[in-house]
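In this text the structure is predicted, and so the values were computed from the model without any measurement.
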Amino acid sequence: MLEVAIRSKSYAVAGGGRLQALGEVAFSVGTGEFVCLTGPSGCGKTTTLRLVLGLEGEFEGTVARADGRVAAAFQEPRLLPWRTVEDNIRLALPPELADTDLDPLYATLGIAGAGRLYPGELSLGMARRASLARAFAVEPSLLLLDEPFVSLDEATAARLRALLMEVWQARPTAALMVTHNLREAAELADRIVVLSARPGRVLGVHAIATPRHERDAATIDAIVREVVRLTPFGQP
């Protein structure tokens with residue numbers, strides 16, 4: 001579904017010269033696979049996601065996506081403040097899904113009854129749920145997530161991770177999530193792609209054999225320790 005083969009990505013800097021953000025970054029995401037991209041702050045995780053989305057240009061390498069709809073949820077919910085939650089979500093729908101009943105999705109994500117509210121009336125956690133609903137509502141072939149739970153308290157983040165998995169497993173599309181939280185990656189992912197410090201390059205790709213429903217706290221701790229041992233990019 002997604003093949004990333006970036007050789008280099010750099011930016012012009014003030015005073016001349018260029019800053020290299022990414023080096024060799026190559027990985028794939030298959031249909032029905034949930035992949036997490038992690039690494040230290042500033043290593044190019046979000047830049048990689050933006051290249052996949054086509055929001056960044058002028059890089060060396062290739063990004064190949066299979067045909068199909070692409071949806072994304074970012075660190076900020078990015079809801080239009082002058083539109084209701086319902087309007088924000090329906091604006092993203094392609095014509096063939098315009099009449100889709102979204103109530104089951106709202107109920108699963110815990111925003112039933114919030115459709116008439118405006119973004120300014122939502123907590124950050126509720127706004128993140130609305131953002132996830134908008135992404136899933138388009139029935140994407142490829143789902144991209146950029147640290148969707150960052151800055152939330154752990155209890156709220158844990159609930160949203162569980163809801164994300166519940167919705168995703170009901171329709172397991174190809175998914176790529178950027179996260180700085182290695183425990184989060186160990187909880188959610190089929191594979192973890194670890195980037196080095198800038199310029200980001202792939203240090204390793206770790207497949208997780210333990211099924212998600214068997215990953216208790218001790219198992220997640222063991223996965224984190226193994227990833228850190230093999231690809232020590234810093235503290236988890």
Side-chain angles (χ1 to χ4, degrees), residues 1-4 27-37 45-57 59 62-122 124-150 160-179 188-190:
M1 183 53 66
L2 174 66
E3 291 281 349
V4 175
F27 62 89
S28 63
V29 183
T31 300
E33 186 176 33
F34 199 108
V35 174
C36 281
L37 184 65
K45 300 185 295 294
T46 295
T47 297
T48 301
L49 203 70
R50 289 176 62 83
L51 288 171
V52 171
L53 279 167
L55 299 177
E56 295 274 359
F59 71 101
T62 59
V63 172
R65 300 194 315 238
D67 293 337
R69 288 188 286 269
V70 178
F74 299 94
Q75 295 179 21
E76 296 299 324
R78 299 190 181 185
L79 301 171
L80 299 176
W82 59 89
R83 298 274 191 172
T84 64
V85 168
E86 176 84 8
D87 288 342
N88 266 281
I89 294 170
R90 290 202 175 273
L91 278 171
L93 297 180
E96 62 270 24
L97 296 179
D99 297 326
T100 300
D101 179 8
L102 298 176
D103 287 345
L105 179 61
Y106 294 166
T108 300
L109 286 171
I111 57 172
R116 296 183 180 181
L117 299 178
Y118 287 86
E121 300 175 293
L122 303 177
L124 180 57
M126 287 289 284
R128 294 271 174 81
R129 294 177 192 217
S131 179
L132 288 173
R134 180 176 57 190
F136 278 106
V138 305
E139 298 182 3
S141 299
L142 176 62
L143 175 66
L144 302 172
L145 305 163
D146 185 11
E147 301 204 67
F149 313 124
V150 70
L160 285 182
R161 286 195 294 268
L163 290 172
L164 168 64
M165 278 294 103
E166 182 177 347
V167 177
W168 179 77
Q169 289 177 321
R171 188 179 184 276
T173 184
L176 174 64
M177 187 174 90
V178 165
T179 178
L188 300 177
D190 295 301

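Separation of atoms SG (Cys36) and NZ (Lys45) is listed at 11.5 Å; rounding is to 0.5 Å. Distance check: Glu96 CD to Thr100 OG1 gives 8.5 Å after rounding to the nearest 0.5 Å. With rounding to the nearest 0.5 Å, the separation of CE in Met165 from CG in Leu160 is 12.0 Å. Note that CZ of Phe59 and CG of Leu51 are 5.5 Å apart. Values are rounded to the nearest 0.5 Å. Taken from OG in Ser28 to CD in Glu3, the straight-line distance is 4.5 Å, to the nearest 0.5 Å. Going from atom CE of Met177 over to atom CG of Asp146 covers 10.0 Å, rounded to the nearest 0.5 Å.
Across all their heavy atoms, Ala135 and Ala71 have their closest contact at O-CB, 3.3 Å. The nearest pair of heavy atoms linking Asp101 to Asp103 is OD1-N, 3.1 Å. In terms of heavy atoms, Ala127 sits closest to Leu79 at O-CD1, 4.1 Å.
The number of heavy atoms from other shown groups lying within 6.0 Å of CG (Asp99) does not exceed 12.
Under the 4.5 Å side-chain criterion, counting only non-hydrogen atoms from C-beta, Leu122 is not in contact with Arg129. Counting only heavy atoms from C-beta outward, the side chains of Leu91 and Leu93 never approach each other to under 4.5 Å. Counting heavy atoms from C-beta on, the side chains of Leu164 and Phe136 come closer than 4.5 Å. In this structure, the side chains of Leu132 and Val167 stay at 4.5 Å or more apart for every pair of heavy atoms. Counting heavy atoms from C-beta on, the side chains of Val63 and Leu2 come closer than 4.5 Å. In this structure the side chain of Leu37 never reaches within 4.5 angstrom of the side chain of Leu49, judged on heavy atoms. Pro172 places none of its side-chain heavy atoms less than 4.5 Å from the side chain of Thr31. Looking at heavy atoms from C-beta onward, Glu76 lies out of side-chain contact with Pro148 at the 4.5 angstrom threshold.
Between Phe34 and the choices Val29, Leu176, Thr173, Leu188, the side-chain contact (heavy atoms from CB on, under 4.5 Å) rule is met once, by Leu188.
Within the 3.5 Å criterion, the main-chain N or O of Arg83 finds no donor-acceptor partner in the side chain of Asp87. Although no hydrogens or angles enter the test, the distance criterion places a donor-acceptor pair under 3.5 Å between the side chain of Arg128 and the main chain of Val150. Here the side chain of Asn88 pairs a donor or acceptor atom with the backbone of Leu80 at under 3.5 angstrom. No donor-acceptor distance shorter than 3.5 angstrom exists from the side chain of Arg65 to the backbone of Met1, with no hydrogens or angles considered. Distance alone, capped at 3.5 Å, places no donor-acceptor pair between the Glu166 side chain and the Leu163 backbone.
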For the pair Ile89 and Leu102, evaluate side chain to side chain contact (heavy atoms under 4.5 Å, CB included) and give the outcome as yes or no after the intermediate values.
-> CA-CA 9 Å; Ile89 294 170; Leu102 298 176; 3.7 Å; yes

Could you walk me through whether Met126 and Val85 pass side chain to side chain contact (heavy atoms under 4.5 Å, CB included), step by step?
-> CA-CA 10 Å; Met126 287 289 284; Val85 168; over 6 Å; no

Kindly indicate, with the supporting measurements, whether the criterion side chain to side chain contact (heavy atoms under 4.5 Å, CB included) is fulfilled by Glu86 and Arg116.
-> CA-CA 6 Å; Glu86 176 84 8; Arg116 296 183 180 181; over 6 Å; no

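Arg134 meets the side chain to side chain donor-acceptor pair (under 3.5 Å) test with no other residue; sequence neighbours excluded. Partners of Ser131 by side chain to side chain donor-acceptor pair (under 3.5 Å), not counting sequence neighbours: none found.
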